Amino acid sequence: MIFGQQIEVKLESVDGRTKVFKSGFEIENDFHIEFTVEFGKQFSLKIYNVLRETYLMCEKKGKEFANVEIFAGYKEEVEPGLIASGSVVESLYNISNVDRVLELKCSPKVTELYSMIQPETFYDLPVNNIITMLLSRAGIEKYKYTPNNSPTLKQFTATKNLKTNLDILCKLDGLVHYFKKGILYIEPNESAKAKAGYLLLLDRESGLIQSPEKKGVDLQVKSLLNPNIGIGEIIRIKYMDNAKNSEIEGSYKVLSGKHSANLSGQFYSEFLARSVS
């Protein structure tokens with residue numbers, strides 16, 4: 001069984017100041033935090049009883065935005081993991097009775113991962129050096145890169161489209177690249193396949209709430225919040241099909257969904273999934 005909900009929010013201002021807010025960690029400054037995170041879309045966040053100074057940290061300056069990350073999980077079984085990362089596009093500071101509430105609307109920084117760069121030609125460099133330099137040119141800081149054989153290229157001309165460059169370079173070195181929870185992953189193809197062999201199992205023991213509801217060919221699923229569930233993830237789901245009075249287990253791909261938490265105790269992941277073979 002899963003107990004002890006935990007939330008951690010990291011806020012970084014445009015000028016680099018940071019604050020961390022925690023809920024459920026049994027510390028002196030334990031904040032009340034609510035959020036709704038739609039997979040791959042905008043997300044909203046409320047933090048109760050913060051100083052006005054925190055609100056000012058969220059201000060936009062020119063074309064630069066404050067950044068926020070949300071981690072959620074449990075004391076046991078499922079440790080807190082990143083469920084959202086993005087820029088603060090709107091902030092409100094409300095005082096209601098004794099509460100001072102900071103409300104944030106945030107946008108994931110998906111577009112930055114495949115941003116435009118200046119065309120450039122590289123000579124006599126290994127693939128890993130070229131990839132690292134291109135990521136630097138694009139201003140991408142959050143990435144996890146595991147090189148493979150990294151052959152040396154006599155000449156490589158990068159176009160202005162970063163995604164196109166990564167497609168070519170990854171193919172040359174047996175790599176794959178993908179975006180997940182605000183981070184760009186570049187890793188050997190075999191590593192990605194190995195990960196696919198260790199699928200999350202979701203059943204009543206691990207947090208599944210009731211049997212999924214059928215929506216045409218898809219399943220509408222509700223579970224206790226699990227940071228490992230996100231758009232594009234493939235998970236194992238085991239449930240009782242009440243219509244057939246039989247247990248069903250299979251692999252499903254997450255199509256859409258959300259994580260949510262509020263002060264009334266809601267701490268759920270709800271998502272639409274489709275069977276895969």
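Quick note: residue numbers are just sequence positions, from 1. The analysis underlying the following values was restricted to heavy atoms, covering all of them including side chains, and did not include hydrogens, waters or symmetry mates. What you are looking at is a predicted structure, and each value in this text was computed from that prediction instead of being measured.
- In terms of modelled atom types and a separation under 3.5 Å, the side chain of Thr132 and the main chain of Asn129 share no donor-acceptor contact.
- In this structure a side-chain-to-backbone donor-acceptor pair under 3.5 Å is missing from Asp173 to Leu175.
- Considering every non-hydrogen atom in both Tyr74 and Phe267, the closest pair reads OH-CD2, 3.4 Å.
- Note that OG1 of Thr54 is 9.0 Å distant from CZ of Arg17, once rounded to the nearest 0.5 Å.
- At a threshold of 4.5 Å between non-hydrogen side-chain atoms, the residues Val9 and Phe35 do not count as touching.
- Partner of His259 under the side-chain contact (heavy atoms from CB on, under 4.5 Å) criterion, out of Ile83, Ile70, Thr36: Ile83 alone.
- Atom CD1 of Ile131 is separated from atom OH of Tyr143 by 10.0 Å, given to the nearest 0.5 angstrom.
- Asn94 and Ser96 share no donor-acceptor pair across their side chains, judged by distance under 3.5 Å alone.
- A distance-only check finds a donor-acceptor pair linking the side chain of Asn49 to the backbone of Arg100 [under 3.5 Å].
- Going from atom NZ of Lys238 over to atom OG of Ser206 covers 9.0 Å, rounded to the nearest 0.5 Å.
- Tyr145 has its side chain out of reach of His177: every pair of non-hydrogen atoms, C-beta onward, lies at least 4.5 Å apart.
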As a quick check of understanding, evaluate salt bridge (charged side-chain N to carboxylate O under 4.0 Å, His left out) for Lys144 and Glu187, giving each step before the final call. CA-CA 8 Å; Lys144 292 186 178 180; Glu187 60 189 15; over 6 Å; no

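- Two residues are said to be in side-chain contact when any heavy atoms from C-beta on lie closer than 4.5 Å; Asn67 and Ser87 meet this criterion.
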Tell me, with the steps shown, if Leu224 and Val78 meet side-chain contact (heavy atoms from CB on, under 4.5 Å). CA-CA 11 Å; Leu224 297 179; Val78 182; over 6 Å; no

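- Here the closest non-hydrogen pair linking Pro108 and Lys41 is CD-O, 3.2 Å.
- From Met57, atom CE reaches atom CG of Leu102 across 10.0 Å, with rounding to the nearest 0.5 Å.
- In this structure, the side chain of Ser269 engages the main chain of Asn226 through a donor-acceptor pair within 3.5 Å.
- Tyr55 approaches Ser91 most closely through the heavy-atom pair CE1-OG, 3.4 Å.
- Between the Asp203 side chain and the Glu205 main chain, a donor and an acceptor come within less than 3.5 Å of each other.
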When you look at Thr121 and Thr157, which way does the side chain to side chain donor-acceptor pair (under 3.5 Å) test go after all the steps? CA-CA 4 Å; Thr121 300; Thr157 300; 3.1 Å; yes

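- For Gln266 against Ser260, the heavy-atom pair with the smallest separation is NE2-OG, 2.6 Å.
- Following chains of ILVMFWY side-chain contacts shorter than 4.5 Å, one can reach Ile47 starting from Val88, so the two form part of one hydrophobic cluster.
- The local environment of CD in Gln210 is sparse, with at most 12 non-hydrogen atoms from other residues, nucleotides or ligands closer than 6.0 Å.
- Of the possible polar contacts, one joining the Tyr93 side chain to the Val50 backbone as a donor-acceptor pair under 3.5 Å is found.
- Residues Met240 and Ile209 fall into different hydrophobic clusters, defined by Ile, Leu, Val, Met, Phe, Trp and Tyr side chains chained together at heavy-atom separations under 4.5 Å.
- Other residues, nucleotides and ligands place no more than 12 heavy atoms under 6.0 Å from the CD atom of Gln118.
- Annotation: Glu249, atom CD; neighbour count of heavy atoms from other residues, nucleotides and ligands within 6.0 Å is above 12.
- Ile234 and Leu272 fall into different hydrophobic clusters, where Ile, Leu, Val, Met, Phe, Trp and Tyr are joined by side-chain heavy atoms under 4.5 Å apart, directly or via other members.
- Atoms CD1 and CG, from Ile235 and Asn228 in turn, are 10.0 Å apart once rounded to the nearest 0.5 Å.
- Summarising the geometry of Leu202 relative to Gly207, their closest heavy-atom pair is CD1-C, 4.3 Å, with the distance given to 0.1 Å.
- Distance check: Ile130 CD1 to Asn165 CG gives 10.0 Å after rounding to the nearest 0.5 Å.
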As a quick check of understanding, evaluate side-chain contact (heavy atoms from CB on, under 4.5 Å) for Tyr239 and Val221, giving each step before the final call. CA-CA 10 Å; Tyr239 67 97; Val221 186; over 6 Å; no

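- Considering Lys22, Glu79, Lys10 in turn, Lys10 is the only one that fulfils the side-chain contact (heavy atoms from CB on, under 4.5 Å) rule with Phe71.
- Taken together through direct or relayed side-chain contacts under 4.5 Å among Ile, Leu, Val, Met, Phe, Trp and Tyr, Ile117 and Val127 form part of one hydrophobic cluster.
- Under the 4.5 Å side-chain heavy-atom criterion for Ile, Leu, Val, Met, Phe, Trp and Tyr, Ile186 and Phe122 are members of the same hydrophobic cluster.
- Closest non-hydrogen pair, Cys106 versus Val68, comes out as SG-CG1, 3.4 Å.
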For a side chain to side chain donor-acceptor pair (under 3.5 Å) check, start with the C-alpha distance between Asn262 and Ser264, then their side-chain angles and the critical distance, and finish with the verdict. CA-CA 6 Å; Asn262 61 33; Ser264 65; 2.5 Å; yes

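- Of the possible polar contacts, one joining the Ser150 side chain to the Asn128 backbone as a donor-acceptor pair under 3.5 Å is found.
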For Glu59 and Lys61, run salt bridge (charged side-chain N to carboxylate O under 4.0 Å, His left out): C-alpha distance rounded to whole Å, both residues' side-chain angles, the deciding distance at 0.1 Å, then the answer. CA-CA 6 Å; Glu59 289 184 329; Lys61 293 186 178 179; over 6 Å; no

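- Side-chain atoms of His32 and Asp99, non-hydrogen and from C-beta on, never get closer than 4.5 Å to each other.
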Worked check of side-chain contact (heavy atoms from CB on, under 4.5 Å) between Phe39 and Ile229: CA-CA 9 Å; Phe39 301 165; Ile229 297 173; 4.2 Å; yes

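- Residue Lys19 is tested with Glu12, Glu8, Glu53 for a salt bridge (charged side-chain N to carboxylate O under 4.0 Å, His left out); the sole match is Glu53.
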Does Lys163 form a salt bridge (charged side-chain N to carboxylate O under 4.0 Å, His left out) with Asp167? I'd like the steps, not just the answer. CA-CA 6 Å; Lys163 182 180 185 301; Asp167 286 343; 3.3 Å; yes

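- More than 12 heavy atoms of other residues, nucleotides or ligands shown are found within 6.0 angstrom of CG on Asp15.
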Can Asp124 and Lys154 be said to form a side-chain contact (heavy atoms from CB on, under 4.5 Å), step by step? CA-CA 4 Å; Asp124 298 316; Lys154 282 192 173 184; 4.1 Å; yes

